[in-house]
Amino acid sequence: MKLWRTPLDIDRLKIPHGELHIIKDRCKGCGFCVEYCPREVLELSDEFNIKGYHPPYVKDEEGCADCRLCEAICPEFAIFVTTKEEVESVES
Amino acid sequence: MNKERLKPEHPMEALLRMDRMPHIWCPTCGIGTAVSCFITALEKIDYPLDKVVVVSGIGCTGRVAGYVKLDSFHTTHGRPIPFATGLKLGNPELKVVVFSGDGDIVAIGGNHFIHAARRNIDITVICVNNFNYAMTGGQVAPTTPLTALATTSPYGCFETPFSIPYLADSCGAVYVARWTALHIRRLTKSMVEALNKPGFSVVEVICPCSTLYARRNKLGTGLDLMKFYHESSVIKHGADTRELDIEFQKPMVVGKFVDRERPTFLESWNAQMKKALGEKFQPYGGSNEHD
Amino acid sequence: MSTTELKIGGFGGQGVILSGIIIGKAATIFDNKSATLTQSFGPEARGSACSAQVLISDDQILYPYVTVPDIMVVMSQEAYTKFEPELDENGLLLIEKDLVKPKKPREKIKQFAIPATRIAEELGRKIVLNIVMVGFFTAMTGIISAKAMREAVKTTVPKGTEELNLKAFDRGYEYGMNLKKKGKAPK
Amino acid sequence: MKVDPKGVLTGSYFLDGDHACCEGALAAGCRFAAGYPITPSTEVVERFAERIPLVGGIFIQMEDELASSIAILGASWAGLKSMTVTSGPGFSLMMEHIGLGAMLETPCVFVNVQRGGPSTGLPTLPGQADMMQARWGSHGDYELISLCPNSPQECFDFMIDAFNLSERYRVPVMFMMDECVGHMTEKVVIPPADQIEVVPRRYTTLPPEEYLPFKPDPDLVPPMVKVGDGYRFHVTGLTHDERGYPVMSAECQETLVHRLIDKIRRNARDIWIYEEDQVDGAEVVVISYGITHRVALRAVQMAREKGLKVGMMRLIVVWPFPEERIRQLADKVKAFVMPEMNYGQVVLELERCVAGKAKVLLAPHGGGTVHKPEQIYERIMEAAK
């Protein structure tokens with residue numbers, strides 16, 4: 001994953017997991033979520049949604065760290081994240 | 001029992017008029033992101049949301065009032081600030097937000113903007129600046145950078161643009177910040193601060209206009225423009241607002257520039273009337289006693 | 001009673017309009033008559049000729065403006081020059097003695113003067129000359145009772161100046177009554 | 001509903017029309033005024049600015065008339081009775097928000113102390129030439145209510161009617177004074193507060209989940225809500241459905257605009273206020289409004305002295321125009337005379353309603369002063385021929 005800086009407590013840090021929900025037909029295919037996901041979890045799909053755009057799909061189910069940047073950046077309110085219970089350590 | 005699990009809802013749906021989605025904004029327009037930040041900010045302020053009102057004027061950003069699930073008014077071009085002034089003075093318990101575009105706020109509504117700032121009317125102005133009039137097809141705006149192309153400046157803009165933070169600061173706004181739509185966390189934080197600040201607060205949001213401004217100026221997609229704005233912006237809190245001019249496709253300064261204390265219009269009214277009239281004065285504000 | 005038309009003229013700052021208000025108020029509020037006051041508004045605020053016009057009647061007043069004044073009160077030379085020709089040929093003209101140098105009056109016009117400004121200065125405040133004039137008007141016309149006029153003065157002038165203004169009114173009133181007593185004016 | 005006694009200055013006064021208008025507004029419960037100075041209307045807001053801190057409300061002098069005219073809409077939605085005051089040039093600037101007020105169905109009162117025009121015209125002298133502007137000055141199709149007082153007493157009395165009508169029908173009401181009435185001083189009697197009836201705002205009784213902001217009651221007027229009461233409603237100046245959502249279609253336009261118009265037209269019988277004097281059996285009926293009515297009365301007296309059967313009809317509510325009554329009279333009388341301080345505005349409506357069944361004579365006047373009674377008298381005599 002991309003880290004902007006290495007946390008001092010990286011050995012103890014647990015990364016939470018998120019589950020991504022994509023409301024495909026709301027998407028206008030801007031690609032903001034794909035571009036700015038810090039863990040590169042998303043990619044634009046080949047499929048067309050109802051309006052003819054390519055919505056993203058989750059290419060790395062386990063990669064989501066529940067940061068919710070995609071949720072905040074999406075201009076269409078078309079993607080959101082719910083927290084998964086399990087957590088993993090950064091180093092794993 | 002129905003075995004199908006309840007689908008989780010988008011967490012912002014409670015504050016959006018989902019029956020009006022999809023909204024009218026183009027793909028890669030940043031207004032939706034600014035609204036998303038605003039919704040997050042609303043959840044972070046400690047204020048009953050029934051008392052929060054959004055007022056918009058006309059234009060792309062003018063449609064914001066129609067999508068937020070709050071008491072909301074879509075008014076006339078340039079006039080959301082005086083409408084908001086009436087609302088706020090009509091019921092001082094309200095938290096009034098004007099959410100509109102650069103053409104609305106500083107062109108046709110420029111006079112209202114400077115006077116509301118001068119009076120320190122207790123409202124928050126969120127001004128989305130996309131450097132042109134988008135809804136009418138990409139005309140030159142008072143924020144269009146020099147040399148940029150627009151349909152009514154086909155040979156390049158030659159009028160000096162306004163710097164919104166400088167204008168707001170010099171007219172007396174108590175809180176002034178500028179972010180791009182991509183500074184999601186910082187923008188949200190500024191919105192929270194502005195909403196919590198008594199007095200006239202202004203948050204400028206630099207947004208890509210993909211369909212018109214980006215295309216006409218051959219700047220790629222909205223995404224390219226968003227990236228450019230974000231990557232070339234320099235965060236400089238407390239910067240002198242005289243140095244915040246935006247030049248065409250050059251680095252721009254963003255940050256929180258002004259955060260000062262001044263009595264609001266109503267505070268000044270109450271203080272002056274009390275001083276002049278003493279016991280005879282019927283104080284105004286607080287509870288809405290005129291039912 | 002038919003309608004009496006009154007025009008008060010002077011220069012801005014002499015309290016012309018206030019005189020009209022006091023007369024109208026006395027007629028309507030304290031004497032149960034009808035009165036309509038209109039003012040001539042010009043762009044000039046101070047120093048030029050201005051006028052107040054009052055219609056006084058026992059009946060409802062319809063047409064709101066003075067057409068041919070029956071009574072004219074004039075407090076400045078400019079107002080005299082400008083307004084005097086409008087006065088009815090049988091009219092009554094009341095002038096400020098030191099500020100207006102009148103021509104020989106028209107044949108049937110009754111004309112009387114009072115040194116209102118001088119009297120006001122003697123009272124210590126030149127500003128009350130209009131109230132002296134109002135007192136003089138009350139004595140010379142008799143269309144509104146002195147009692148009603150005094151009430152109107154008392155309730156119209158700024159708080160704290162009632163005594164001075166009533167004194168001014170009385171001086172003007174007495175001056176007029178004396179003229180009448182001496183037979184110089186009709187009783 | 002009785003009024004808040006705080007705003008009622010009970011007693012007898014010698015007041016000009018502008019000041020009386022302000023007292024009428026305060027008595028009616030107006031607690032918000034926004035204005036921009038303009039002769040000959042300024043005294044209204046000057047008095048408001050002086051009085052309102054003693055009553056509990058607020059005045060704001062805005063940066064222009066555009067701002068004033070929309071600030072009062074905001075204040076109205078916040079729950080206050082509100083008004084703005086202006087004269088011709090400012091009235092022109094307010095047209096934008098007279099339209100918005102009509103579209104958002106916002107109760108409020110616009111006072112226009114008319115002066116001579118066009119443009120800057122005669123700032124200190126009267127006119128009656130904004131009457132069509134009061135009706136149709138803003139773009140698009142709509143119906144509003146306009147009242148014309150003819151004395152300071154009526155400026156007080158009819159301001160209360162103006163506010164009541166605006167609340168009752170959720171429309172901006174135009175209070176069409178003129179410089180003569182505004183600057184004329186006469187006796188004004190302000191009754192005790194318990195003798196003044198005001199129409200309360202019609203708030204919905206429905207809970208938020210059932211409330212639709214623009215769903216009308218059977219009388220075509222939709223109940224209102226106040227901002228901040230948890231209804232989370234949306235209103236827009238765009239053509240909208242009952243939810244208040246924009247709908248860009250001919251069908252929605254038809255439903256909405258037709259209702260905005262019918263709301264006034266179908267209720268016109270309850271809105272009209274007019275006075276009649278000796279119209280039964282009259283040969284000629286003089287119809288007038290505002291200050292012109294007083295002058296016309298004198299002309300009518302002159303004609304009656306000559307033995308002519310002259311009736312008098314005086315419009316207090318000019319818009320909506322009392323069509324029904326005019327049609328009845330048109331069947332009975334020989335001619336109508338309408339004096340106006342313009343070259344023919346309201347008379348066009350008179351002609352339309354008379355529809356050729358009787359003569360219609362205009363007695364025009366360019367403004368700057370009122371008619372001479374003789375000018376109207378001559379038209380009456382001409383009409384009687």
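The analysis underlying the following values was restricted to heavy atoms, covering all of them including side chains, and did not include hydrogens, waters or symmetry mates. The chains referred to below are lettered A, B, ... by the order of the sequence lines, with proteins before strands, and numbering in each begins at 1.
Using a 4.0 Å cut-off between charged side-chain N and carboxylate O, E93(B) and K88(B) make no salt bridge. A salt bridge is defined here as a Lys NZ or Arg NE, NH1 or NH2 lying under 4.0 Å from an Asp or Glu carboxylate O, and R119(B) with E63(D) meets this definition. Under 4.0 Å is where a charged nitrogen must lie from a carboxylate oxygen, and between R259(D) and E105(D) at least one such pair does. We find that E261(B) and K197(B) are joined by a salt bridge, their nearest charged nitrogen and carboxylate oxygen being less than 4.0 Å apart. Between K95(B) and D122(B) there is no salt bridge, since no side-chain nitrogen of the basic residue lies less than 4.0 Å from a carboxylate oxygen of the acidic one.
At least one cation-pi condition fails for K263(D) and Y169(D): the charged atom is not both under 6.0 angstrom from the six-membered ring centre and inside a 45 degree cone around its axis.
In this structure, E50(D) places its CD atom where only 12 or fewer heavy-atom neighbours from other residues, nucleotides or ligands lie under 6.0 Å away. Around the OH atom of Y211(D), the shell of radius 6.0 Å holds more than 12 heavy atoms that belong to other residues, nucleotides or ligands. K51(B) NZ: more than 12 foreign heavy atoms inside a 6.0 Å radius.
In this structure, chain B has heavy atoms under 4.5 Å from both the backbone and the side chain of F233(D). At a 4.5 Å heavy-atom cutoff, the contact between R243(D) and chain B is made by side-chain atoms alone. Heavy-atom distances place no part of A34(D) under 4.5 Å from chain B, backbone and side chain included. Both the backbone and the side chain of L89(B) have a heavy atom closer than 4.5 Å to some heavy atom of chain D. Residue L73(D) touches chain B through both its backbone and its side chain, counting heavy-atom pairs closer than 4.5 Å. Only the side chain of L266(B) comes within less than 4.5 Å of a heavy atom in chain D; its backbone stays farther off. Using a 4.5 Å cut-off between heavy atoms, I24(B) does not touch chain D at all.
In this structure the side chain of D217(D) reaches within 4.5 angstrom of the side chain of R202(D), judged on heavy atoms. A heavy-atom distance below 4.5 Å is found between the side chains of V235(D) and F214(D). Considering only heavy atoms from C-beta on, C252(D) comes within 4.5 Å of S249(D) through its side chain.
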**Prompt:** How far apart are the C-alpha atoms of E65(D) and S68(D), what are their side-chain angles, what is the distance that settles it, and do they pass the side chain to side chain donor-acceptor pair (under 3.5 Å) test?
**Reply:** CA-CA 5 Å; E65(D) 286 89 347; S68(D) 306; over 6 Å; no

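Aromatic ring pairs are classed by plane angle as parallel below 30°, tilted from 30° to 60° and perpendicular above 60°; the pair F265(B) and W269(B) is parallel.
No other option in R201(D), E96(D), H234(D) has as many heavy-atom pairs under 4.5 Å with chain B as H234(D). Ranked by heavy-atom pairs under 4.5 Å with chain B, the first of G244(D), G29(D), G230(D) is G230(D). With respect to chain B, the highest number of heavy-atom pairs below 4.5 Å among V225(D), D64(D), D229(D), L104(D) belongs to D64(D).
Of all residues in residues 67-82 of chain B, those placing a non-hydrogen atom less than 4.5 angstrom from a non-hydrogen atom of chain D are K69(B), L70(B), D71(B), S72(B), F73(B), H74(B), T75(B), T76(B), H77(B), R79(B), P82(B). Within residues 96-115 of chain B, the residues having any heavy atom less than 4.5 Å from a heavy atom of chain D are, in residue-number order, N111(B), H112(B), H115(B).
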